[in-house]
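Comments concern the structure below.
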Amino acid sequence: MVRRQTEFSIIDDDSAVVGINVCKTLDKGKFEFRIFDHVNITVKRNTIYGLLGASGCGKTTLLKCLLGLLPIDQGEIWILGGKPNTKNSGVPGFQVGYMPQDISLLPEHTVRGAVRYFGGLAGKTKAQVDEKYALFEELTALPKANLRIRTLSGGDQRKVSLVCALIHEPPLLILDEPTAGVEPHTRYKIWEYLKQITSVEKKSTVIITTHYIEETSQADRIGILRNTHIIAEESPQQLIQHYNKGNLEDTVVFLSNEQDESKQEMPIWLVEPPRDENEVHEEAESSKVNENFATLLCIAETF
């Protein structure tokens with residue numbers, strides 16, 4: 001095992017993603033809001049990492065920081081042995097498949113056209129994309145290939161967005177709520193596929209966020225982001241056993257209540273609180289930029 005000493009810690013080659021003392025502040029001019037404060041996250045290669053947290057807690061912002069799409073105020077991030085946005089890192093770019101929370105597909109594309117487009121940006125030929133298309137079409141129950149994106153339901157658009165992230169089979173997948181609005185049977189098949197490419201084939205690492213807490217019991221490791229910190233990071237089974245709870249949902253609720261009772265690490269207002277806290281969270285999580293396009297545009301620049 002190769003280990004590299006950094007300013008803060010030691011990074012080993014068994015880790016696909018490492019974040020050390022990562023801080024991010026939202027600057028709105030009149031006030032500043034700490035989204036997360038000295039967050040530490042470790043994702044081992046060929047595993048599934050489930051990132052849990054309430055809506056607006058900063059999960060999407062953290063994923064963007066890991067990808068290098070947003071700058072961090074403090075700390076260090078290592079992805080696949082390199083730092084995001086550095087030469088030859090491939091992150092953001094062809095080394096990662098990113099499915100954003102918001103639908104970021106071109107509305108005039110057909111279903112197959114969208115998959116071919118993003119596959120092409122990742123360096124795949126039309127023939128290579130079409131060879132894999134049938135697999136993912138069956139896996140995610142894609143709508144008909146000739147339908148326009150703008151005609152699809154939100155759930156079907158999310159399926160297409162997921163396939164666009166999967167199609168070039170990258171070593172790292174970052175999926176922001178890929179199963180939201182997807183029927184249970186398809187959710188099951190997606191999770192089976194993710195377990196196949198990680199623990200069995202050992203060719204990918206997955207970071208996934210979801211609103212379905214029990215769904216992440218299938219992950220190898222979970223992190224719970226709450227009140228600017230990751231308050232727990234361990235395998236679901238070990239968390240349940242350690243806190244003597246019957247299931248993962250009860251464990252998460254217990255940890256959240258415990259943090260509230262201790263009154264530790266509540267959101268940090270660095271200047272003055274805004275009048276509408278919900279508005280700040282919404283603005284922190286939202287982005288009008290076409291994220292799929294922004295991420296994969298970096299791929300095009302590498303060719």
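Annotation for Ile77 and Lys83: closest pair O-CG, 3.6 Å, computed over non-hydrogen atoms. Contact detail for Leu105 and Ser161: the closest heavy-atom pair is CD1-N, 4.0 Å. Scanning both residues, Ile167 and Gly119, for their nearest heavy atoms gives CG2-CA, 3.8 Å. Looking at every heavy atom in both residues, Asp220 comes nearest to Ser235 through O-CB, 3.3 Å. The nearest pair of heavy atoms linking Gly246 to Ile240 is C-CG2, 4.2 Å. Listed here is the closest heavy atom pair of Asn85 and Gly68: ND2-O, 2.5 Å.
How far OH of Tyr193 is from OG1 of Thr140: 11.0 Å, rounded to the nearest 0.5 Å. To the nearest 0.5 angstrom, Lys59 atom NZ is 10.5 Å from Leu62 atom CG. To the nearest 0.5 Å, atoms NE2 (His168) and CD (Gln95) are separated by 8.5 Å. Atoms CG and CD, on Asn40 and Glu76 in that order, are 11.5 Å from each other to the nearest 0.5 Å. In this structure, OG1 in Thr61 is found 11.0 Å from CG in Leu69, a value given to the nearest 0.5 Å.
Annotation: side chain of Thr205 is not in contact with side chain of Tyr49 (no heavy-atom distance under 4.5 Å). Looking at Ile197 and Val200, their side chains never come closer than 4.5 Å, going by heavy atoms from C-beta outward. Inter-residue side-chain proximity for Ile207 and Leu175 is flagged as unmet; no heavy-atom pair is nearer than 4.5 Å. When side chains are defined from C-beta on, Glu249 does not count as touching Val252, because their heavy atoms never get closer than 4.5 Å. Using a 4.5 Å heavy-atom threshold, the side chains of Asp14 and Arg45 count as separate. Two residues are said to be in side-chain contact when any heavy atoms from C-beta on lie closer than 4.5 Å; Gln157 and Val160 fail this criterion.
Contact check on Glu177 versus Arg158 returns no salt bridge, with no Lys/Arg side-chain nitrogen under 4.0 Å from an Asp/Glu carboxylate oxygen. A salt bridge between Arg112 and Glu137 is absent, with no side-chain N of the basic residue lying under 4.0 Å from a carboxylate O of the acidic one. Using a 4.0 Å cut-off between charged side-chain N and carboxylate O, Glu183 and Lys159 make a salt bridge. Salt bridge present: Lys195 and Glu192 bring a charged side-chain N and a carboxylate O closer than 4.0 Å. Ionic pairing of Arg116 and Asp130 is present here: one or more N-O contacts between side-chain nitrogen and carboxylate oxygen are shorter than 4.0 angstrom.
Defined by atom type and a distance below 3.5 Å, a donor-acceptor pair is missing between the side-chain atoms of Gln74 and Asn21. Gln259 and Ser256 share no side-chain donor-acceptor pair at under 3.5 Å. Defined by atom type and a distance below 3.5 Å, a donor-acceptor pair is missing between the side-chain atoms of Glu169 and Ser204. Residues Asp176 and Thr209 have side chains that bring a donor and an acceptor to within less than 3.5 angstrom of each other. Side-chain contact annotation: Asp73 with Thr25, donor-acceptor N/O pair under 3.5 Å present.
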### Task
Just do the side-chain contact (heavy atoms from CB on, under 4.5 Å) check on Asp260 and Asn227 with the steps written out, would you?
CA-CA 9 Å; Asp260 286 342; Asn227 292 335; 4.0 Å; yes

### Message
The test is side-chain contact (heavy atoms from CB on, under 4.5 Å); show your working for Thr47 and Thr198 and say whether it passes.
### Response
CA-CA 5 Å; Thr47 64; Thr198 53; 5.8 Å; no

### Task
Tell me, with the steps shown, if Ile48 and Ile208 meet side-chain contact (heavy atoms from CB on, under 4.5 Å).
CA-CA 7 Å; Ile48 301 175; Ile208 184 171; 4.0 Å; yes

### Task
For the pair Tyr98 and Lys64, evaluate side-chain contact (heavy atoms from CB on, under 4.5 Å) and give the outcome as yes or no after the intermediate values.
CA-CA 10 Å; Tyr98 174 45; Lys64 291 179 183 178; 4.0 Å; yes

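Taking hydrophobic clusters as Ile, Leu, Val, Met, Phe, Trp and Tyr residues chained together by side-chain heavy-atom distances below 4.5 Å, Leu255 does not share a cluster with Ile230. Under the 4.5 Å side-chain heavy-atom criterion for Ile, Leu, Val, Met, Phe, Trp and Tyr, Trp191 and Ile222 are members of distinct hydrophobic clusters. Both Val115 and Leu173 are assigned to one and the same hydrophobic cluster, defined by single-linkage of ILVMFWY side chains at heavy-atom distances under 4.5 Å. Ile231 and Leu63 fall into different hydrophobic clusters, where Ile, Leu, Val, Met, Phe, Trp and Tyr residues are linked whenever their side-chain heavy atoms come under 4.5 Å apart, directly or through other members. Under the 4.5 Å side-chain heavy-atom criterion for grouping Ile, Leu, Val, Met, Phe, Trp and Tyr, Leu52 is not connected to Val253 through any hydrophobic cluster.
A side-chain donor-acceptor contact under 3.5 Å links Ser104 to the backbone of Asp102. Side chain of Ser15 to main chain of Val17: no donor-acceptor pair is present (N/O by atom type, distance under 3.5 Å, no hydrogens or angles).
Around OH of Tyr188, the count of heavy atoms belonging to other residues, nucleotides or ligands within 6.0 Å does not exceed 12. Other residues, nucleotides and ligands contribute at most 12 non-hydrogen atoms within 6.0 Å of the NZ atom of Lys132. Few gaps surround CD on Glu234; more than 12 heavy atoms of other groups in view lie less than 6.0 Å from it. In the displayed structure, Asn244 atom CG is contacted under 6.0 Å by at most 12 heavy atoms of other residues, nucleotides or ligands.
Residues passing the salt bridge (Lys or Arg N to Asp or Glu O under 4.0 Å) test with Arg150, sequence neighbours excluded: Glu108. With sequence neighbours excluded, the residues forming a salt bridge (Lys or Arg N to Asp or Glu O under 4.0 Å) with Glu233 are Arg221, listed by chain and number.
Taking the ring centroids of Tyr117 and His109, they lie under the 6.0 Å cut-off.
The side-chain contact (heavy atoms from CB on, under 4.5 Å) test with Leu172 is passed by exactly one of Leu80, Leu67, Val43: Leu80.
Note on ring orientation: taking the six-membered ring where Trp is involved, the planes of Tyr243 and Phe254 are tilted (angle from 30° to 60°).
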